[in-house]
There are 2 protein chains.
Amino acid sequence: MDGLSGHSQSRRIDIGHISLNVRESGSGPLMLFFHGITSNSAVFGPLMEKLSDRFTTVAVDQRGHGRSDKPEVGYEAGDYADDIAGLIRTLDRGRAILVGHSLGARNSVTAAARYPDLVRSVVAIDFTPFIEAEAFDALEARVNAGDQLFKDIAAIEAYLAARYPNIPADAIKVRAASGYQPTEGGLRPLASPTAMAQTARGLRADLAGAYRDVSRPVLIVRGEASKLVSPAALAKTSRLRPDLPVVVVPGADHYVNEVSPETTLKAITNFIDA
Amino acid sequence: MDGLSGHSQSRRIDIGHISLNVRESGSGPLMLFFHGITSNSAVFGPLMEKLSDRFTTVAVDQRGHGRSDKPEVGYEAGDYADDIAGLIRTLDRGRAILVGHSLGARNSVTAAARYPDLVRSVVAIDFTPFIEAEAFDALEARVNAGDQLFKDIAAIEAYLAARYPNIPADAIKVRAASGYQPTEGGLRPLASPTAMAQTARGLRADLAGAYRDVSRPVLIVRGEASKLVSPAALAKTSRLRPDLPVVVVPGADHYVNEVSPETTLKAITNFIDA
């Protein structure tokens, strides 16, 4: 909870219809972080460390992920967005800045479109409308392949390093240390396999309406080498909403905030401090 | 001065080393507007009308232009930026949001780089580093061709409509009505021809340093059909500062705020409200 040391504290928050695990640090205006599919709140540690001297930073394990509740069903955009709204209401610290990566970006923009009174602005990292079916096919294959039994942390790190070749080793260690739990015979993902499968399918739902309707400021961030958001998908999104500013991060693939934390940090503060 | 009617009032402000003519409207945080070469403060009327209910909007006749002082020399980026700093200090309403078009964008980014304590953020419309020499050649030829005697307002409007084929008729009328003065035998530009020639040459000075150094948030806005800022110049600028957000306005040429005032307005508020 003290922003000076950069350490965060974890707690579960009951928002009424579900309980979510969060990591919190710092003080100031509320800034919430939402991870991508199969990931968890720990991946935002480096960003929180830099931002917690000015913001109340709260990274969320989204439903089905990490140490949050994992209902059997309910993994559409609306389900995730309702969790965001419930969390902001429960925290009761005013409008929130939403920083979301991938699934988290989809959920954040959806929440901002549905609940403009709860959201100050959104930083939407590498998820737009108009993503091609082939890109979703590849994502879904990666997601479903993650449901494995690993013999130890080293095996997890080797698997993740191969799956995310551009994510630096320290960030791979964060994913390995935070996203798995002991089980008979080794370690398994904390994320629920059935929740992941439903979530991956739900990512294919049309997002153009939410981007068209959202009235709060949205910064669109794309990794220049992203295999999920193609240049064509970004161009169509900008045609739909030419007023939304865009940052393209050179050298980053889809995992922008883990591959290029410094540029991501500057992009966030340039947007929020304007 | 009343934001409700959208009417602005003009006055001259002595900032010590020079006197500048401004148009003011509204109340709230300070938002200053800086026009392009040969233009004047009147072109920002439509934006001021929409923003003056939330901001103290002040559009400036920059040195050599409109009804401001026109010294014989002193039309480099630093001279214009020092005027911006002097104006913000004299107005004494805290840090200013700077909205600049073309020459005004160059001057605003330069001022933000030199005087970060005076500037909150910058919206830099269609002027970046790395503009090609041929684009400056064409700009300089247009600027120098403007020093003419016109027999009446209709002749001015016809000239401007040909020079700016994408600017709507109502915005052409604003330029014609605000930028010329009666003289023997007709009407001549208010902008000083020698000041314009020096200013046009000064636009060629390297701007990469200012963009590299500026620490305040800058939104880069480009007209998709701009003949001044090429896609290559924008790409090089984004490579220099990947953290700065970009808006590309479809259908707009260089004169973004006059051709596409609605998208410009939304881009400004999305940036400032984040």
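Each chain gets a letter, A, B and so on, in the order the sequences are listed, and its residues count up from 1. Quick note: numbers below take in every heavy atom, side chains included, and nothing from hydrogens, waters or symmetry partners.
In this structure, chain A has heavy atoms under 4.5 Å from both the backbone and the side chain of B:Leu244. Residue B:Glu262: no heavy atom, backbone or side chain, is found under 4.5 Å from chain A. In this structure, chain B has heavy atoms under 4.5 Å from both the backbone and the side chain of A:Ile272. Within the 4.5 angstrom heavy-atom criterion, only backbone atoms of B:Val248 (N, CA, C, O) approach chain A.
Between B:Val247 and A:Pro242, the shortest heavy-atom distance links the atoms CG1-O, 3.3 Å. Across every non-hydrogen atom of B:Arg216 and A:Asp273, the tightest pair is NH2-O, 4.2 Å. Heavy-atom minimum distance, A:Ala274 versus B:Ile97: O-CG1, 4.5 Å.
Counting heavy-atom pairs closer than 4.5 Å to chain A, the top residue among B:Leu219, B:Ile220, B:Val123, B:Thr263 is B:Thr263. Here A:Asn270 is the residue among A:Val249, A:Ile268, A:Asn270 with the most heavy-atom pairs under 4.5 Å with chain B.
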